[in-house]
Number of protein chains: 2
Amino acid sequence: MSTSSPDRAVDRLEDRLSRLPLRERKKLRTRRAIQDHALRLFAEQGYDATTVEQIAAAAEISPSTFFRYFPTKEDVVVTDEYDPIMAQVIREQPAELSAIDALRAMLREVLPQAFTTDMETIKTRLRLTAEVPALRARTFESMRNTFELLSEAISERTGRAPDDPEVEAFGWAVLGVMQAAMNRLMDGKATYEELPDLLDHYLEFLGRGCPV
Amino acid sequence: MSTSSPDRAVDRLEDRLSRLPLRERKKLRTRRAIQDHALRLFAEQGYDATTVEQIAAAAEISPSTFFRYFPTKEDVVVTDEYDPIMAQVIREQPAELSAIDALRAMLREVLPQAFTTDMETIKTRLRLTAEVPALRARTFESMRNTFELLSEAISERTGRAPDDPEVEAFGWAVLGVMQAAMNRLMDGKATYEELPDLLDHYLEFLGRGCPV
DNA sequence: CTATCTTTTGAGAGTTACTCTCATTTCATA
DNA sequence: TATGAAATGAGAGTAACTCTCAAAAGATAG
């Protein structure tokens, strides 16, 4: 299995950081500081028990500045950078693969890579998302973003319009089975090691018409 | 197409109201008053521009009491009573139908019924859900409830465990295509008249393995 | 019908996420 | 080094929720 594509996709992101005007680099550093301190405090004290004021103090900024970087406290946990990478890797799959097989190949590439580089953050975020109602709710908004990128990539591969009714149904069905897998993970009915296989199985199951 | 089942299911709900201790009946009346006034005010002034204080004043209760009936302002819009009815109607379908066909039959029964009795409320709720980010987010929590009832009903029909991995994947895939249909409705790409056919087509499409 | 017990309600104070405004500082450019 | 633009901090304000406690309303026994 090729491992170079997601590396490249990630590298492209990291690369951009270094050769940026000072101002922009400082902003990115501040953003990351906020997120790191926030996740640490959430893990230590719990989400609700941690105030924005505390996060701002830990990151050495003012509360006003916090809200300039993250419109809500929830965004600190919910915002991630994987969606564009996943969309990109879908596009890089051979054209002869079906949409479902392209998705399966993408996940087999991206998941191990993400787990290797960011396991701790991923675990913290998933645990918070499972436990805090406000964060669970926000998940849906981020699914809508994922849907946009996903249906765009699918549309390109299949030559159908991005707002084709069946493309949209397919996109949401895929997000559905992904959510099913995430829920099993959050409920402790599956482990992180099993996740790639579970997702693969779910997509194949979807392609067979969900025979139950 | 049978029309008696959803009538009975609804009737059973309405029936209970009449022969209830005074206290309970008053509570239900208060609850409905809050919801009616809230939806009216939201429609007139917008969701964000309407405060809980205004709703409480309109319903002639105190703000404290508002939060005893609805834990959050969002719940007033998001809470609905259709899920148990839908689960019940799924159970009433002939055993020889596949899970997907049972769902299709259920929707052909329940949707017209719901549209006939509650069209105004449904439209208001859907429009608010489309427009207000906080409400969009909350949709996901109510999907989780729907999932519980749905997977329970599917599990009974198929004889598989409710937490069987494939039952869960199927349930979320179904919720996915339903969400796809709702989104088309909210985006103005489909009408309420077309919704039953669209949903029917989506479920059939799902049963064919989503060939895109 | 009265008295008691339980449940529901209202009033009010407190917390915190989030918004807005304006003065100040920090960085970019000539 | 001076000038303009963008980022920051400080502070005041709003509104959704939480908690506590006393008053009111409904249920129940005598």
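Just so it is clear: chains get the letters A, B, ... in the order the sequence lines come, proteins before strands, and each one is counted from 1.
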Practice prompt. Please step through side-chain hydrogen bond (donor to acceptor under 3.5 Å, both in side chains) for the pair A:Asn145 and A:Glu141, ending with a clear verdict.
Written response: CA-CA 7 Å; A:Asn145 287 344; A:Glu141 287 292 277; over 6 Å; no
Item to complete: Give B:Pro63 one of three labels, base, sugar-phosphate or nothing, depending on what nucleic acid heavy atoms sit under 4.0 Å from its own.
Response: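 It contacts nothing in the nucleic acid.
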Practice prompt. Assign B:Tyr69 to base, sugar-phosphate, or nothing according to its heavy-atom contacts below 4.0 angstrom with the strands shown.
Written response: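 Here B:Tyr69 touches the backbone only, sparing every base.
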Which nucleotide in the list [options] gets nearest to the side chain of [X]?
| X | options | result |
| --- | --- | --- |
| B:Ser64 | C:dG12, D:dA16, D:dG11 | C:dG12 |
| A:Arg23 | C:dT26, C:dG10, D:dT8 | C:dT26 |
| B:Lys73 | C:dA17, D:dC17, C:dG10 | D:dC17 |
| B:Thr72 | C:dG10, C:dT19, D:dC17 | D:dC17 |

Expressed as a whole number of angstroms, how long is the span from [X]:[atom1] to [N]:[atom2]?
| X | N | atom1 | atom2 | value |
| --- | --- | --- | --- | --- |
| B:Phe66 | D:dA15 | CZ | P | 15 Å |
| A:Tyr47 | C:dT16 | OH | P | 14 Å |
| B:Glu60 | C:dT9 | CD | P | 14 Å |
| A:Arg138 | C:dC18 | CZ | P | 9 Å |
| B:Asp48 | D:dC17 | CG | P | 12 Å |
| B:Arg29 | C:dT9 | CZ | P | 11 Å |
| A:Glu24 | D:dA6 | CD | C1' | 10 Å |
| B:Phe70 | C:dT8 | CZ | P | 15 Å |

With a 4.0 Å limit, can you tell me whether [X] has a side-chain N or O closer than that to the phosphate oxygens OP1/OP2 of [N]?
| X | N | result |
| --- | --- | --- |
| B:Lys27 | C:dT8 | yes |
| B:Lys26 | D:dA25 | no |
| A:Ser62 | D:dT8 | no |

Worksheet item: In terms of the angle between their ring planes, are A:Trp172 and A:Phe140 parallel, tilted or perpendicular, with boundaries placed at 30° and 60°?
Response: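 Rings of A:Trp172 and A:Phe140: tilted, 30 to 60°.
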Worksheet item: Regarding A:His37 and A:Gln54, is there a side-chain donor-to-acceptor distance under 3.5 Å anywhere?
Response: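 Absent: no donor and acceptor within the cut-off.
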Worksheet item: Just checking, A:Lys73 and A:Phe66: is the charged tip under 6.0 Å from the six-membered ring centre and within 45° of the axis?
Response: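 The answer is no; the distance or angle limit is not met.
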Worksheet item: Does B:Thr51 get its side chain close enough to the base of D:dA15, under 3.5 Å, for a donor-acceptor pair?
Response: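 Not at all, since no donor on one side and acceptor on the other fall under 3.5 Å apart.
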Worksheet entry | Base of D:dG9 paired with side chain of A:Arg68 (donor-acceptor, under 3.5 Å) |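 Side chain to base: pair present.
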Practice prompt. For side-chain hydrogen bond (donor to acceptor under 3.5 Å, both in side chains), just list the numbers for B:Tyr69 and B:Asp75, CA-CA rounded to whole Å, side-chain angles, deciding distance to a tenth of an Å, and then say yes or no.
Written response: CA-CA 9 Å; B:Tyr69 282 86; B:Asp75 281 278; over 6 Å; no
